[in-house]
There are 2 protein chains.
Amino acid sequence: MIESPSAERRHPTILDVASHAGVSKSTVSNVVRGLPGVSESTRRRVRTAIDQLGYRPNVLARQLVQRRTSILGVVVGDLANPFFAEMAKSVERHAAARGYTAMFCNTEGESESELAGVETLLQHRVAGIVFLAFSGDARTKQAVLQHQVPVVFVSCGADWGDVVSVDDSRGGRLGTTHLVESGHRRVAYLSIPELEDQSDHARWEGCREALNDAGLGAPTHISWSPPAEYARVDGLDRPLLEVFTGPDRTTAVFASNDVAAIALQEFADRVGYRVPEDISIVGFDDVPMAGLARIGLTTLAQPRDELARLGIAGVADRIERKVKGPPRTTLVKVNLVTRRSTARLETDPS
Amino acid sequence: MIESPSAERRHPTILDVASHAGVSKSTVSNVVRGLPGVSESTRRRVRTAIDQLGYRPNVLARQLVQRRTSILGVVVGDLANPFFAEMAKSVERHAAARGYTAMFCNTEGESESELAGVETLLQHRVAGIVFLAFSGDARTKQAVLQHQVPVVFVSCGADWGDVVSVDDSRGGRLGTTHLVESGHRRVAYLSIPELEDQSDHARWEGCREALNDAGLGAPTHISWSPPAEYARVDGLDRPLLEVFTGPDRTTAVFASNDVAAIALQEFADRVGYRVPEDISIVGFDDVPMAGLARIGLTTLAQPRDELARLGIAGVADRIERKVKGPPRTTLVKVNLVTRRSTARLETDPS
DNA sequence: TCACAAGATTGGAACGTTACAGCTTTTGGC
DNA sequence: GCCAAAAGCTGTAACGTTCCAATCTTGTGA
């Protein structure tokens with residue numbers, strides 16, 4: 001008998017528990033899962049054995065034989081973006097409340113890593129996928145559809161799965177109308193290329209429509225990648241500088257999300273433009289820091305926790321077959337929160 | 001033959017691919033894993049079959065037979081806290097780069113959910129666990145040790161696993177010394193109860209020592225739970241108000257982390273105390289928003305990405321048996337970043 | 001032409017569970 | 001006491017892989 005020197009102690013299995021408690025593995029399994037049909041005395045005996053051995057059921061084996069996992073895949077655009085971070089947290093909590101474990105994958109807005117992430121999720125046989133951002137990539141779509149896994153798009157859009165989101169276009173109108181009513185005639189729309197998706201597009205449309213309804217010209221579209229750290233936002237950004245100095249006299253910017261809005265505000269602060277005196281800024285999301293007295297960002301508040309709750313409920317219902325049929329769309333309210341970053345435009349006495 | 005009406009189409013298995021390509025499952029397995037010993041022609045044939053069927057290896061089955069997963073558990077204090085969000089993102093990226101998938105669990109600083117989360121991770125047979133926060137709970141420790149899974153504490157502390165962190169005590173001294181050199185004599189130390197851990201304690205100690213070395217009295221310790229949203233920070237908080245008005249004439253606060261520092265700044269803004277004229281504030285972490293011109297928080301910068309990288313490298317090396325032996329501690333540099341929230345104390349002409 | 005090595009391919013035994021049918025034992029009504 | 005029904009318990013066959021020893025092909029040099 002040669003004993004391996006670094007003998008790896010193995011995790012106790014259901015069989016170890018069974019023999020330790022003097023019952024069959026079936027009985028142990030029933031105890032572990034709290035099924036009826038086990039006498040109180042054996043139940044106790046098994047419980048003791050479990051504690052003594054430190055037995056933990058192997059979820060892998062369980063899921064293999066049941067052919068379904070209790071893992072939810074969550075696709076996030078950027079975990080470090082406060083909006084996603086808040087959503088991720090809510091999603092994780094609601095998932096746990098319904099008995100699911102969340103497995104995140106961060107895409108950085110790149111469809112390559114989105115695809116790779118989704119592929120990993122599928123290989124792990126996730127029970128469902130929650131998209132908190134979706135690039136629109138066709139390969140991702142094909143992979144998910146091929147594997148027939150329930151999908152929900154939360155606060156982002158696609159036409160091949162349930163959608164839970166705010167009415168982005170309405171949000172776009174609300175924010176823009178607020179600007180128009182404050183006397184602004186020329187509005188720019190700012191978005192971050194990495195996060196451009198269907199939601200972003202709907203916001204832009206809403207903005208455009210509102211301007212149009214007011215008989216004003218279409219918004220200028222600006223695409224800007226602020227550096228990952230606000231501290232590195234600098235005054236060298238020509239296209240951005242033109243927003244402030246350009247010939248079209250833009251006096252207000254509607255940013256497609258708060259991170260962009262705050263980065264823009266930072267830019268203004270650095271190059272010496274005043275907000276809101278020189279330029280009004282509206283964001284979207286209402287991330288926690290937008291409410292800081294020093295930031296005071298006017299923005300469209302998304303009910304994050306409700307979005308997360310409805311999203312999880314949606315996939316979970318599909319997974320548990322409580323809901324069948326074609327994709328549904330659920331829209332929740334979006335609210336304008338007025339703060340210091342927007343102000344009535346003082347009209348030139350010209 | 002009665003065909004179930006809603007016949008669930010099952011995922012193709014390795015056997016389906018095998019018969020489709022006219023080879024044995026072993027060969028398919030070898031192709032999938034890129035092992036040598038398969039002729040180029042069969043390799044191609046198998047590849048085609050895989051594509052046609054949309055076959056994806058079942059990671060569960062693989063991991064069951066290999067008795068090891070490629071999942072890393074990550075325990076996070078609060079995903080919505082920007083410091084953790086940044087760390088989570090880095091950790092996820094470095095894990096993916098080494099071939100691991102991250103599975104997060106959020107503890108909210110409660111040891112109950114920490115325990116539950118770790119229990120879930122262990123049941124999923126994670127290959128290792130990265131703690132980004134640790135409550136110190138003994139049951140968690142016991143569970144992890146019992147299952148003999150490699151563990152690393154990143155930016156938090158414990159004596160039963162590898163540790164990668166900044167020298168918290170040194171950070172505490174650096175920040176405090178900065179205050180002392182600016183003429184402050186009475187310093188308070190502020191921490192958030194949910195995030196109080198070994199790191200927090202070391203920072204406090206560093207603060208205390210620096211004051212002591214300067215011949216000054218010990219810092220007042222304040223424990224404060226700011227509301228989840230900054231927007232709800234209000235002026236009703238008596239204990240906090242006493243920091244500003246109390247008889248001990250506190251002129252500076254060292255917050256154990258940036259979120260607390262920013263919440264305190266917000267509180268000051270709301271009740272009408274000026275930062276830094278009335279009170280200087282130092283934070284810890286250097287979260288992105290600390291660098292905003294409008295926030296300008298003096299703080300101790302943690303090299304987040306390096307922490308994450310070293311942490312992942314640490315667990316991965318343990319998992320892959322490249323490192324054995326007793327726990328190691330790796331300390332990385334912490335840097336004072338001076339911004340607008342601290343200023344030289346104008347001494348009373350009394 | 002043959003033996004033999006190297007290369008290519010295969011089948012079966014795990015891995016740790018759950019599901020389910022079947023087997024005991026107990027219970028209770030008459 | 002007896003019999004049926006209920007309750008308690010067990011054994012076996014999956015689940016979809018990997019691992020490994022065994023077998024089947026080739027190709028090569030003598």
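In what follows, chains are A, B, ... by sequence order, proteins preceding strands, each numbered from 1. FYI, side chains are in, hydrogens and waters are out, and symmetry mates aren't considered; it's all heavy atoms of this structure.
Rounded to 10°, the angle separating the first-five-pair axis and the last-five-pair axis of the helix from C:dT1-D:dA30 to C:dC30-D:dG1 equals 40°.
Place A:Gln66 and A:Ala61 on DNA chain C by their nearest nucleotides, and A:Ala61 ends up nearer the 5' end. Summary of the strand contacts: B:Ser24 and B:Arg67 both lie near DNA chain C, and taking for each the nucleotide with the nearest heavy atom, the more 5' one is attributed to B:Ser24.
For the pair B:Leu35 CG and C:dG7 P, the computed distance is 15 Å after rounding to whole Å. Rounding to whole angstrom units, CZ of residue B:Arg62 and P of C:dC15 are separated by 19 Å. Atom-to-atom, CG of B:Leu60 to P of C:dA14 comes out at 22 Å; the value is rounded to the nearest Å. In this structure, CD of B:Gln63 is placed 15 Å from P of C:dT17, rounded to the nearest angstrom. The distance between atom NZ of B:Lys25 and atom P of C:dT10, rounded to the nearest whole Å, is 11 Å. Nucleotide C:dG11 holds its P atom 14 Å from the CG atom of B:Asn30, rounded to whole Å. Rounding to whole angstrom units, CG of residue A:Asn58 and C1' of C:dA14 are separated by 14 Å. Atom NE2 in A:His11 sits roughly 14 Å away from atom C1' in C:dC15 (whole-Å rounding).
Distance alone, capped at 3.5 Å, is enough to place a donor-acceptor pair between the A:Arg45 side chain and the A:Ala21 backbone. Checking side-chain atoms of B:Arg125 against main-chain N and O of B:Leu122 turns up a donor-acceptor pair under 3.5 Å. Proximity of a side-chain donor or acceptor of A:Thr140 to a complementary backbone N or O of A:Gly136 within less than 3.5 Å is not detected. B:Asn106 places a side-chain N or O within donor-acceptor distance of the main-chain N or O of B:Leu79, the cut-off being under 3.5 Å. With hydrogens and angles disregarded, no donor-acceptor distance shorter than 3.5 Å links the side chain of A:Glu306 to the backbone of A:Val332.
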Inset, instruction - In sequence, state the C-alpha distance, the side-chain angles, and the governing distance for A:Ile319 and A:Arg68, and then conclude on side-chain contact (heavy atoms from CB on, under 4.5 Å). - result: CA-CA 10 Å; A:Ile319 293 167; A:Arg68 54 179 237 100; 3.9 Å; yes
Inset, instruction - Go through A:Glu112 and A:Arg139 one step at a time and tell me if the salt bridge (charged side-chain N to carboxylate O under 4.0 Å, His left out) criterion holds. - result: CA-CA 10 Å; A:Glu112 287 312 319; A:Arg139 295 165 303 169; 3.1 Å; yes
Legend entry - side-chain contact (heavy atoms from CB on, under 4.5 Å) between B:Arg43 and B:Glu40, intermediate numbers included: CA-CA 5 Å; B:Arg43 198 176 289 272; B:Glu40 198 45 49; 4.0 Å; yes
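Among the heavy atoms of the strands lying under 4.0 Å from B:Thr13 are primed sugar atoms or P, OP1, OP2 only; no base atom is included. Among the heavy atoms of the strands, none lies under 4.0 Å from A:Val59. At a threshold of 4.0 angstrom between heavy atoms, the contacts of A:Ser39 are confined to the sugar-phosphate backbone, with no base atom among them.
Scanning for salt bridge (Lys or Arg N to Asp or Glu O under 4.0 Å) contacts around B:Asp197 gives an empty result, with sequence neighbours left out. Considering only residues two or more places apart in sequence or on other chains, B:Phe134 meets the ring-ring contact (aromatic ring centres under 6.0 Å, His included) condition with B:Phe131, B:Phe153, B:Trp160. Every residue meeting the side-chain contact (heavy atoms from CB on, under 4.5 Å) condition with B:Glu110, not counting sequence neighbours, appears here in chain and number order: B:Glu108, B:Ser113.
In this structure, A:Ser29 does not reach the C:dT17 phosphate: none of its side-chain N or O atoms is under 4.0 Å from OP1 or OP2. Considering only side-chain N and O atoms, B:Thr27 lies under 4.0 angstrom from the phosphate OP1 or OP2 of C:dT10.
No side-chain N or O of B:Asp16 forms a donor-acceptor pair with one of B:His11 less than 3.5 Å apart.
Taking a heavy-atom distance under 4.0 Å as the criterion, the stretch of DNA chain D touched by chain A extends 5' to 3' from D:dG8 to D:dG16.
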Could you write out each protein N or O paired with an N or O of nucleotides 21-27 of chain C at a distance under 3.5 Å?
none

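Listed candidates were C:dG12, C:dG16, C:dC20. Nearest to the side chain of A:Ser26 is C:dC20.
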